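What follows is a single structure, written as structure tokens, with notes after it.
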Amino acid sequence: MNWKPELDDLARREAFAREMGGVDKVKRQRDQGRLTVRERIDKLVDQNSFHEVGAISGIAEYDESNELKHLTPANCVFGRARVDGRTVVVVGDDFTVRGGSADASISAKPLMAEEMAHDFRLPIIRVIEGSGGGGSVKTIETRGAANLPGGVGGTRSYWFTLANLAQVPVVGLGLGSVAGLGAARLAATHYSVMTKSSAMFVAGPPVVKRLGQDLTKQELGGADIQTRAGGIDQAVDTEEEAFDYARRFLSYLPSSVYDLPPTIPCTDDPERAEESLMKAVPRNRRQVYKMRPIIEAVVDKGSFFEVAANFGRPVITGLARIEGRAVLLLASDPFHYGGSWTSDACQKVVRWVDFAETFHLPVVYLMDCPGFMIGLEAEKSATIRHGVRAMAAVNQSTVPWCTIIIRNAFGVAGVVHQPANRFSMRYAWPSAYWGSLPLEGGIEAAYRAEIDAAEDPAAKLREIEDRLNKLRSPFRSAEKFWVEEVIDPRKTRSLLCEFARLAEPIRKVGPPSNMSTRP
């Protein structure tokens with residue numbers, strides 16, 4: 001006498017679960033160029049590391065003798081796995097079963113995935129396709145009543161979905177049509193990736209059409225729209241690329257806010273001096289230059305991982321390593337509005353500075369900011385309000401901070417290059433140029449009478465510009481100790497490596513003491 005019959009029954013049920021929505025639905029998924037949820041998980045995590053929870057949950061059919069005929073699994077697959085040797089939680093939607101909608105869901109499964117990540121302090125990766133359990137019009141009929149959003153017993157999953165943002169790294173992968181609650185779960189992440197054939201929207205084309213907007217999925221919520229709007233951080237060509245980006249993003253982060261980011265061995269010389277930096281910034285201040293080669297020259301080779309590249313483009317954001325230590329890197333991009341902070345750029349700064357604060361990442365800022373964006377569109381988008389919010393985020397941060405002033409630092413936005421009221425490291429290149437406002441335009445206003453009275457107004461203007469530009473030399477500011485150091489650009493990497501070493505022991509661990517960690 002043993003338990004083999006029961007184990008055989010278990011194996012049969014597990015086999016049904018692996019069939020997902022059935023042969024036809026699986027074939028349709030693959031014919032449309034998309035992997036199944038189980039194939040996705042296998043490619044995402046370390047080989048043979050996935051430990052599934054609740055595999056045989058679903059809707060069962062029994063015969064007259066109460067013997068199992070068939071099992072349709074729930075359309076949520078989740079469990080623990082390892083990514084690059086580290087334990088994570090993975091939860092995925094199965095689009096082959098009712099398109100991932102609530103009609104075929106068991107709400108406790110995605111909830112338990114979030115609980116596991118929260119209470120065991122594990123990163124969570126959400127693989128999202130469909131409504132993510134949000135339901136459909138048919139749900140009214142299948143459940144026999146209309147669901148009240150946030151009704152009795154319906155808020156716990158929302159709490160954990162958002163609470164995890166303050167607890168563990170959260171990654172979302174949009175791999176198909178993502179709508180409703182699925183879109184919210186994808187947006188409620190620290191980092192989100194979608195394939196270029198996917199789409200994300202609050203409500204899909206059939207619903208939007210009732211508003212008079214007849215759009216395709218791509219026209220409504222395709223990758224170009226979502227990355228430019230900041231709804232999604234990264235768009236990729238293939239699902240395999242999405243998995244690679246998720247793994248790389250996590251590699252810079254601790255498993256939770258109770259740990260520090262990992263430091264890895266570094267083979268890149270911390271004293272490496274790049275001659276290219278001597279010519280990186282043109283003498284002609286009207287001439288733009290490329291910031292990304294400067295970034296690559298000062299961080300560990302190949303370590304820069306840019307995020308949200310298509311949104312708030314005057315500011316470049318990303319993760320990098322400096323002598324093996326993870327940092328958040330901010331940099332200006334002169335190719336977009338000269339590096340001026342637009343409302344979108346300010347929102348980008350807020351998000352990623354808050355992210356650095358959450359996961360104890362020191363901040364390195366390569367600055368070339370001529371101020372907030374000006375003009376009618378800037379006023380219409382409330383740039384100054386978003387700018388003040390960015391200033392608050394920077395000033396409220398507690399992580400170590402180092403700024404390299406590459407070129408411009410003007411106006412109120414120029415102030416926001418390091419936290420106020422605490423020590424931060426700051427260096428200026430000889431190309432640095434700053435003030436309350438740029439000379440261009442300001443001279444004509446301040447010296448109007450003198451210019452108008454001159455025999456040659458244009459020559460007088462040039463004379464005044466030359467005189468003031470000499471006073472604008474960063475060395476004049478250094479004489480008064482208004483800036484700490486003017487450095488040889490080639491020493492930038494060495495000084496950043498020293499900063500990273502000094503910052504390592506003073507990073508804080510754990511959430512603020514007033515943070516609630518349970519509902």
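None of these values were measured; they are calculated from a predicted model.
At least one donor-acceptor pair under 3.5 Å links the side chain of S192 to the backbone N or O of D233. One N or O on the side chain of H360 and one on the backbone of V257 form a donor-acceptor pair closer than 3.5 Å. A donor-acceptor pair is defined here as one N or O able to donate and one able to accept, closer than 3.5 Å; no such pair exists between the side chain of E114 and the backbone of L111. Formation of a donor-acceptor pair under 3.5 Å by the S303 side chain with backbone atoms of R321 is found in this model. Using a distance-only test at 3.5 Å, with no hydrogens or angles considered, a donor-acceptor pair links the side chain of E219 to the main chain of T216. Counting only distance, with no hydrogens or angles, the side chain of Q226 and the backbone of M200 share a donor-acceptor pair below 3.5 Å. In terms of modelled atom types and a separation under 3.5 Å, the side chain of S424 and the main chain of C402 share no donor-acceptor contact. When atom types are taken as modelled, the side chain of S49 and the backbone of R82 share a donor-acceptor pair closer than 3.5 angstrom. Between the side chain of D94 and the backbone N or O of V37 there is no donor-acceptor pair closer than 3.5 Å. A donor-acceptor pair under 3.5 Å is formed between the side chain of D46 and the backbone N or O of G85.
For F359, the CZ atom sits in a packed shell: over 12 heavy atoms of surrounding residues, nucleotides or ligands are nearer than 6.0 Å. The neighbour count for E6 CD, taken as heavy atoms of other residues, nucleotides or ligands under 6.0 Å away, is above 12. Summarising the local packing, CZ of F335 is surrounded by more than 12 heavy atoms from other residues, nucleotides or ligands at distances under 6.0 Å. Other residues, nucleotides and ligands contribute only 12 or fewer heavy atoms inside 6.0 Å of the CE atom of M112.
Using a 4.5 Å cut-off on side-chain heavy atoms (C-beta onward), V53 and M116 make contact. Side-chain contact check for R422 versus S397: some heavy-atom pair is nearer than 4.5 Å. At a threshold of 4.5 Å between non-hydrogen side-chain atoms, the residues K109 and I106 count as touching. Annotation: side chain of K69 is not in contact with side chain of Y62 (no heavy-atom distance under 4.5 Å). Looking at heavy atoms from C-beta onward, L173 lies out of side-chain contact with M194 at the 4.5 angstrom threshold. Between F311 and K348 the shortest side-chain heavy-atom distance falls below 4.5 Å. Side-chain contact check for F95 versus R34: some heavy-atom pair is nearer than 4.5 Å. Using a 4.5 Å cut-off on side-chain heavy atoms (C-beta onward), V88 and L122 make no contact.
Checked for salt-bridge contact, R156 and E115 meet the test: a charged N lies under 4.0 Å from a carboxylate O. Ion pairing of D300 with R325 is absent here, as no side-chain N (NZ or NE/NH1/NH2) approaches a carboxylate O to less than 4.0 Å. Residues R248 and D244 are not paired through a salt bridge, judged by the lack of any N-O separation under 4.0 Å between the basic side chain and the carboxylate. With respect to E323 and R501, a salt bridge is recorded, a charged nitrogen being found less than 4.0 Å from a carboxylate O. The pair K196-D237 meets the salt-bridge criterion, with a side-chain N (NZ, NE, NH1 or NH2) lying under 4.0 Å from an Asp/Glu carboxylate O. Taking 4.0 Å as the cut-off between side-chain N and carboxylate O, D8 and K4 count as a salt-bridged pair.
Note: F160 and H118 have perpendicular aromatic rings, judged against thresholds of 30 and 60 degrees for the angle between ring planes. The aromatic rings of W352 and F249 sit perpendicular, their planes meeting at an angle over 60°, well past the 30° parallel limit.
To the nearest 0.5 Å, atoms CG (L220) and CD (Q218) are separated by 10.0 Å. Interatomic distance, E52 CD to R80 CZ, rounded to the nearest 0.5 Å: 11.5 Å. Separating the CD1 atom in I125 from the CZ atom in R247 is a distance of 8.5 Å, to the nearest 0.5 Å. Put simply, CG on D224 and CG on N310 are 6.5 Å apart, with the number rounded to the nearest 0.5 Å. The CG atom of L260 sits 9.5 Å away from atom CG of L361, with the distance rounded to the nearest 0.5 Å. Residue T36 holds its OG1 atom at 12.5 Å from CD of E19, rounded to the nearest 0.5 Å.
Under the 3.5 Å distance criterion, with hydrogens and angles disregarded, no donor-acceptor pair is assigned to the side chains of R13 and S57. Looking only at atom types and distance, the side chain of T403 has a donor-acceptor partner in the side chain of W401 under 3.5 Å away. A side-chain donor-acceptor contact under 3.5 Å links T263 and E504. For the residue pair D344 / T342, no side-chain donor-acceptor distance below 3.5 Å is found, with atom types taken as modelled. No hydrogens or angles considered: a donor-acceptor pair under 3.5 Å links the side chains of T398 and E357.
Both tests do not hold together for R40 against F243: distance to the six-membered ring centre under 6.0 Å, angle to the ring axis within 45°.
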Would R292 and D333 satisfy salt bridge (charged side-chain N to carboxylate O under 4.0 Å, His left out), going step by step from the backbone distance to the final call? CA-CA 8 Å; R292 287 174 180 82; D333 190 346; 3.1 Å; yes

Derivation of the ring-ring contact (aromatic ring centres under 6.0 Å, His included) call for Y365 and H417: CA-CA 7 Å; Y365 179 22; H417 66 262; 7.3 Å; no

L68/D63 under side-chain contact (heavy atoms from CB on, under 4.5 Å): CA gap, chis, key distance, verdict: CA-CA 7 Å; L68 179 69; D63 61 19; over 6 Å; no

Quick one: do Q234 and E306 satisfy side-chain contact (heavy atoms from CB on, under 4.5 Å)? Show the steps, please. CA-CA 9 Å; Q234 182 72 42; E306 188 170 358; over 6 Å; no

Residues L328, V364; criterion side-chain contact (heavy atoms from CB on, under 4.5 Å); working and verdict: CA-CA 6 Å; L328 176 78; V364 170; over 6 Å; no

Could you walk me through whether L366 and I294 pass side-chain contact (heavy atoms from CB on, under 4.5 Å), step by step? CA-CA 9 Å; L366 306 183; I294 297 176; 4.2 Å; yes

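With T96 as the fixed residue, the side chain to side chain contact (heavy atoms under 4.5 Å, CB included) test singles out one of R30, Q29, R38: Q29. Partner of D93 under the salt bridge (Lys or Arg N to Asp or Glu O under 4.0 Å) criterion, out of R126, R185, R98: R185 alone.
The two residues G21 and K25 have their closest heavy-atom pair at O-CG, 3.5 Å. Scanning all heavy atoms of the two residues, the minimum distance from P169 to L250 falls at CB-CD2, 3.7 Å. The two atoms that bring R493 and D268 nearest to each other are NH2-O, 3.1 Å, heavy atoms only. Scanning both residues, A393 and V350, for their nearest heavy atoms gives CB-CA, 4.1 Å. Listed here is the closest heavy atom pair of G318 and F304: CA-CE1, 3.7 Å. Taking both residues in full, the closest heavy atoms of S198 and G174 are given as OG-O, 3.4 Å, listed atom of the first, atom of the second, then distance.
Checked against the 6.0 Å centroid threshold, F355 and H190 count as a close aromatic pair. Not less than 6.0 angstrom separates the ring centroid of Y252 from the ring centroid of Y191.
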